[in-house]
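Taking it in order: structure first as structure tokens, then the write-up.
When reading the values below, keep in mind they use all heavy atoms of this one structure, side chains included, and skip hydrogens, waters and symmetry mates. Lettering of chains follows the sequences in order, A, B, ..., and the numbering in each one begins at 1.
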Number of protein chains: 2
Amino acid sequence: MVDNCAMDRIDLHIVRELQNDGRLSNQELAQRVGLSPSPCLRRVRQLEQDGVIQGYRAIIDPEAVGRGFEVLVSVEVRRDRETVEAFEEALQDVPDVIEAYRLFGSPGCLLRIAVADLAAYERLWIERLTTLTGVTEVNSQIIMKRIKEPKGMPVDVRGA
Amino acid sequence: MVDNCAMDRIDLHIVRELQNDGRLSNQELAQRVGLSPSPCLRRVRQLEQDGVIQGYRAIIDPEAVGRGFEVLVSVEVRRDRETVEAFEEALQDVPDVIEAYRLFGSPGCLLRIAVADLAAYERLWIERLTTLTGVTEVNSQIIMKRIKEPKGMPVDVRGA
DNA sequence: GCTGATTTCGCAATCGCCTTGCGCACCTCC
DNA sequence: GGAGGTGCGCAAGGCGATTGCGAAATCAGC
């Protein structure tokens with residue numbers, strides 16, 4: 001996690017390739033970045049240890065696991081430290097909340113929620129969202145379409 | 001991609017484990033879901049082919065690749081088909097836009113953007129966001145804190 | 001500019017895992 | 001009760017991961 005920012009262009013290239021396909025074999029990866037397998041693997045291990053690569057994840061079709069209905073929820077919370085901290089802590093225990101951000105300005109907080117369908121969302125809304133303490137306003141917006149599939153951060157490799 | 005929804009609890013378990021750690025060895029995975037390696041691998045391949053597992057990705061620290069500054073941008077676009085389609089198409093060519101949703105109601109569109117710092121965002125805003133055709137309103141909100149790290153979809157495995 | 005120290009590479013060998021073909025068990029439908 | 005189909009476990013072959021070591025490159029200091 002220490003910011004050992006000695007990332008040269010090969011490291012960036014490795015990061016980019018692994019972000020595109022986290023299951024690349026070390027051999028294939030080495031070939032793509034122009035290295036032999038052993039130093040390539042050593043670099044990957046170093047990147048993992050430095051926290052640059054935080055993990056690997058399979059990308060799942062939300063529909064297939066019964067979470068094809070997505071909602072963006074703006075939440076306003078009373079702005080004192082206790083309330084905010086309790087609210088954010090409580091969010092951790094709601095698995096349907098996929099993403100959550102605290103913002104400057106208004107709304108103070110934005111959630112992305114994924115559930116099975118409208119009925120499931122109604123249940124979540126009435127049972128878990130409106131009951132959170134300190135919440136003064138909840139505004140739900142159904143997602144019509146995902147315009148851009150999340151593909152991770154773009155990584156600029158100078159000269160590659 | 002065809003909805004071969006014969007996902008039993010073992011498949012759900014596989015999906016959950018691979019979402020947690022996309023680089024699990026097949027042996028380890030098989031052991032966790034209570035199978036021997038060969039049928040386990042066959043199931044994984046099937047899930048990939050059915051589009052349930054859409055891919056694998058390394059999770060990268062945004063800071064490490066110079067994208068530690070994140071902004072949520074509400075965009076309003078003129079609501080005719082031509083404009084909307086052109087706008088959404090144009091978004092694909094802006095790599096700094098990490099996520100994009102089209103919403104019901106207002107705002108009509110929400111973007112998540114990741115750049116290096118405020119200066120980089122100012123440049124992006126003036127050069128690429130305000131110049132998009134049909135855009136009638138752009139409202140930027142800087143993200144103070146990521147409350148919940150994206151960990152993918154929760155997968156309920158009945159009885160596991 | 002040369003030299004020593006350090007870093008990083010490539011090679012080779014070992015080990016372990018992936019992968020596939022096959023036989024067996026179970027389940028279903030006649 | 002028998003026949004077909006589905007899905008499992010076993011075993012073997014091939015291939016990739018992993019590590020130790022020597023060589024090359026890079027860098028600092030003089």
Side-chain angles (χ1 to χ4, degrees), chain A residues 1-61 64-66 155-160, chain B residues 1-61 64-66 155-160:
Chain A
M1 199 65 87
V2 182
D3 213 44
N4 253 338
C5 254
M7 299 252 304
D8 60 8
R9 77 179 49 182
I10 294 183
D11 284 330
L12 287 172
H13 201 164
I14 287 176
V15 162
R16 189 176 59 172
E17 293 295 334
L18 282 180
Q19 195 179 225
N20 265 0
D21 180 2
R23 280 217 126 167
L24 264 182
S25 80
N26 184 52
Q27 279 204 337
E28 175 69 17
L29 177 63
Q31 193 173 341
R32 290 195 193 179
V33 305
L35 238 56
S36 72
S38 24
C40 180
L41 183 67
R42 273 189 284 260
R43 278 170 181 262
V44 171
R45 293 280 176 272
Q46 191 64 45
L47 289 169
E48 290 170 357
Q49 201 173 339
D50 291 349
V52 174
I53 296 177
Q54 300 179 332
Y56 301 89
R57 193 161 302 146
I59 308 302
I60 304 302
D61 178 18
V65 293
V155 177
D156 310 316
V157 181
R158 295 169 301 279
Chain B
M1 200 65 87
V2 184
D3 212 40
N4 254 339
C5 255
M7 299 253 301
D8 60 8
R9 78 178 48 181
I10 295 184
D11 282 331
L12 287 171
H13 201 164
I14 287 176
V15 162
R16 189 177 59 174
E17 293 296 333
L18 282 180
Q19 196 179 223
N20 266 357
D21 181 1
R23 280 218 129 168
L24 267 182
S25 80
N26 184 52
Q27 277 205 336
E28 176 69 15
L29 177 63
Q31 193 174 341
R32 290 195 193 179
V33 304
L35 239 55
S36 73
S38 25
C40 180
L41 184 66
R42 274 189 284 259
R43 277 168 181 266
V44 172
R45 293 281 176 271
Q46 191 64 45
L47 289 168
E48 290 170 356
Q49 201 173 339
D50 291 348
V52 173
I53 298 177
Q54 300 180 332
Y56 301 88
R57 192 162 302 145
I59 308 302
I60 303 302
D61 179 19
V65 291
V155 177
D156 309 316
V157 181
R158 294 169 302 277

A/R16 with A/D11: basic N within carboxylate O range, under 4.0 Å: no

Ion pair check, B/D8 and B/R43, cut-off under 4.0 Å: yes

Exercise: identify the closest heavy-atom pair between A/Q27 and A/P37: CG-CG, 4.3 Å

Nucleotide nearest B/L41 when distance is taken to its side chain, options D/dC8, C/dC9, C/dC18: C/dC18

Most 5' of B/I10 and A/P37 on DNA chain D, judged by nearest nucleotide: B/I10

Spacing between A/Q31 atom CD and C/dG10 atom C1', to the nearest angstrom: 15 Å

Any B/R43 side-chain nitrogen or oxygen under 4.0 Å from OP1 or OP2 of D/dC8: yes

Rounded interatomic separation in angstrom, taking CD from A/Q46 and P from C/dT7: 12 Å

B/L29 CG - C/dT19 C1' separation (whole Å): 15 Å

Upstream residue (5' side of DNA chain C) when A/R23 and A/S38 are each assigned their closest nucleotide: A/S38

A/Q31 CD: over 12 foreign heavy atoms closer than 6.0 Å: no

Rounded distance in Å - CG (A/D8) to C1' (C/dC9): 13 Å

Between C/dC9 (P) and A/R45 (CZ): distance, integer Å: 15 Å

Length of the CG-C1' vector between B/L24 and C/dC17, whole Å: 14 Å

Nearest heavy-atom neighbours spanning B/G22 and B/Y56: O-CD2, 3.8 Å

From C/dG10, C/dG21, C/dC17, nucleotide with atom closest to A/P39 side chain: C/dG10

Nearest-angstrom distance from the residue atom CD of A/Q27 to P of C/dC18: 15 Å

Spacing between A/L35 atom CG and C/dC9 atom P, to the nearest angstrom: 5 Å

side-chain N/O A/R42 vs C/dT7 OP1/OP2, d < 4.0 Å: no

Sugar-phosphate, base or nothing in reach of A/S36, heavy atoms under 4.0 Å: base

